[in-house]
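Residue numbers begin at 1 in each chain, while the letters A, B, ... track the order of the sequences.
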There are 2 protein chains.
Amino acid sequence: MSEKQPDTRSAILSIARDLMRQLGYNAFSYADIARKLDMKNAAIHYHYPAKADLLADVIETYISEYRQLEKQLAGSNLDSCQKLQQFIGKYAQLIGQNSICIIGSVASDYNTLPESVKAKVAGLISLVTGMVEHTLQEGREEGVFRFRETPRVRALLIMTNLAAGVQLARITGKADFVAIEQAIVDQLIQ
Amino acid sequence: MSEKQPDTRSAILSIARDLMRQLGYNAFSYADIARKLDMKNAAIHYHYPAKADLLADVIETYISEYRQLEKQLAGSNLDSCQKLQQFIGKYAQLIGQNSICIIGSVASDYNTLPESVKAKVAGLISLVTGMVEHTLQEGREEGVFRFRETPRVRALLIMTNLAAGVQLARITGKADFVAIEQAIVDQLIQ
DNA sequence: GTCTATATTCCGATAGAC
DNA sequence: GTCTATCGGAATATAGAC
């Protein structure tokens, strides 16, 4: 909670989060992090002994943040459509950062992730899917959303639109992602 | 064209295609390929001097195959819905192979790909998107498909459902992908 | 408690043998 | 034309200095 600069461990974690979304688990190294913090790569190992430990903390942090977002949205007086748009907005932010979402990153690299973190990854995906599913169900009950699938399947459709949408956007451009965003909401409120 | 076994270069290419979809560009090595062919990793370099050359051939081969599929479907008497289902079926095959699709693989790793192949990747994505777009447009004109978006945007929605669908399926299970498949077609023929 | 010097393994790639 | 011996460097990780 220092005001001057975050402690080393949080600084490492923050950079690792960015690198996970920009490059993926296998493509970044401790040296990349060390360079940005002007320290030796071996020094990272004091804070995170193995790369698997660092990945575990990245995933756990995302889980915490999504739980927090869930609470925040539940305590707000936003309607379901606004809640969904908050969620979509988090994806839109990624476009300008040359990043994909954490879920798409770990899902693509899943076969190469340390066994010790695979369960956490599954937990993150389950959490986020549940959030979207719940918002869809709520919106349907409120009468603001209309859709024919189960809330869970519709949640999967939307999450895959967003996850692969940001992946493609790095190649084909931002306009494609904006069109996807728009279509997701339009389909629901038709 | 040998009947006994494919030549070394094609064998390398075939394994590289699988590894690209199972592990991604950064996570497989020449040693992985050499091991499966019982040769030294350095021998791969005779056939593909640099890893970028191997990736380029993988992408070009996919482009050729998709062009061929395009011709084959155009020359068939399948209706648009059957054509789309052929396309979706190619994704469904991946599920049992612990693989994601080539587009999702290269899109996720895009920032780390050799500059020399990025344009080819963009070409592949443009080709496949165009195929789906064309099938959707045709189906709408035939009256078998109904949708409100432009064919291009609808193609993006479907491609992102499929690409991220296979990514998630490795973690959450095949049932989720089957539900996505079903929903894609159901939405179009409603 | 924090970081540096160093070890070890593996990577992609080259030069040269056959 | 095809493959092997080998290199230079980068990766993760350990042991020990401060």
Which residues pass the side chain to side chain donor-acceptor pair (under 3.5 Å) test with Thr112(B), not counting sequence neighbours?
Asn26(B)
Partner residues of Glu65(B) under the side chain to side chain donor-acceptor pair (under 3.5 Å) criterion, sequence neighbours left out:
Arg17(B)
What nitrogen or oxygen pairs link the protein and nucleotides 3-8 of chain D at under 3.5 Å?
{"from": "dC3(D)", "atom 1": "OP2", "to": "His47(B)", "atom 2": "NE2", "distance (Å)": "2.9"}

Any pair with a residue in [range] that passes salt bridge (charged side-chain N to carboxylate O under 4.0 Å, His left out), sequence neighbours left out, goes on the list, sorted by first then second residue, please.
range                      : result
residues 39-63 of chain B  : Arg9(B)-Asp57(B), Glu60(B)-Lys120(B)
residues 96-114 of chain A : none
residues 41-50 of chain B  : none
residues 20-31 of chain B  : Asp18(B)-Arg21(B)

Show the atom names and distances, to 0.1 Å, of all donor-acceptor pairs under 3.5 Å that link a side chain in residues 92-99 of chain A to residues at least two apart or in another chain.
{"from": "Asn98(A)", "atom 1": "ND2", "to": "Asn111(B)", "atom 2": "OD1", "distance (Å)": "3.3"}
{"from": "Ser99(A)", "atom 1": "OG", "to": "Gln97(A)", "atom 2": "O", "distance (Å)": "3.1"}

Identify, residue by residue, the members of residues 22-31 of chain A with a heavy atom below 4.0 Å from DNA chain D, and return them in order of residue number, or none.
Phe28(A), Ser29(A), Tyr30(A), Ala31(A)
Give me the residues of residues 108-119 of chain B where at least one heavy atom lies under 4.0 Å from an atom of DNA chain C, by number, or none.
none
Criterion side chain to side chain contact (heavy atoms under 4.5 Å, CB included) against Ile100(A), the qualifying member of Val166(A), Leu168(A), Leu23(A)
Val166(A)
For [X] and [N], what is the distance between atoms [atom1] and [atom2] respectively, to the nearest whole Å?
X        : N       : atom1 : atom2 : answer
Ile33(A) : dA13(D) : CD1   : P     : 12 Å
Lys51(A) : dT8(C)  : NZ    : C1'   : 17 Å
His45(A) : dG1(C)  : NE2   : C1'   : 18 Å

Can you list every pair that meets side chain to side chain donor-acceptor pair (under 3.5 Å) and has a residue in residues 172-184 of chain A, with sequence neighbours left out?
Thr172(A)-Asp176(A), Asp176(A)-Arg152(B)
Residue list, side chain to side chain contact (heavy atoms under 4.5 Å, CB included) with Lys36(A), at least two apart or on another chain
Ile15(A), Leu19(A)
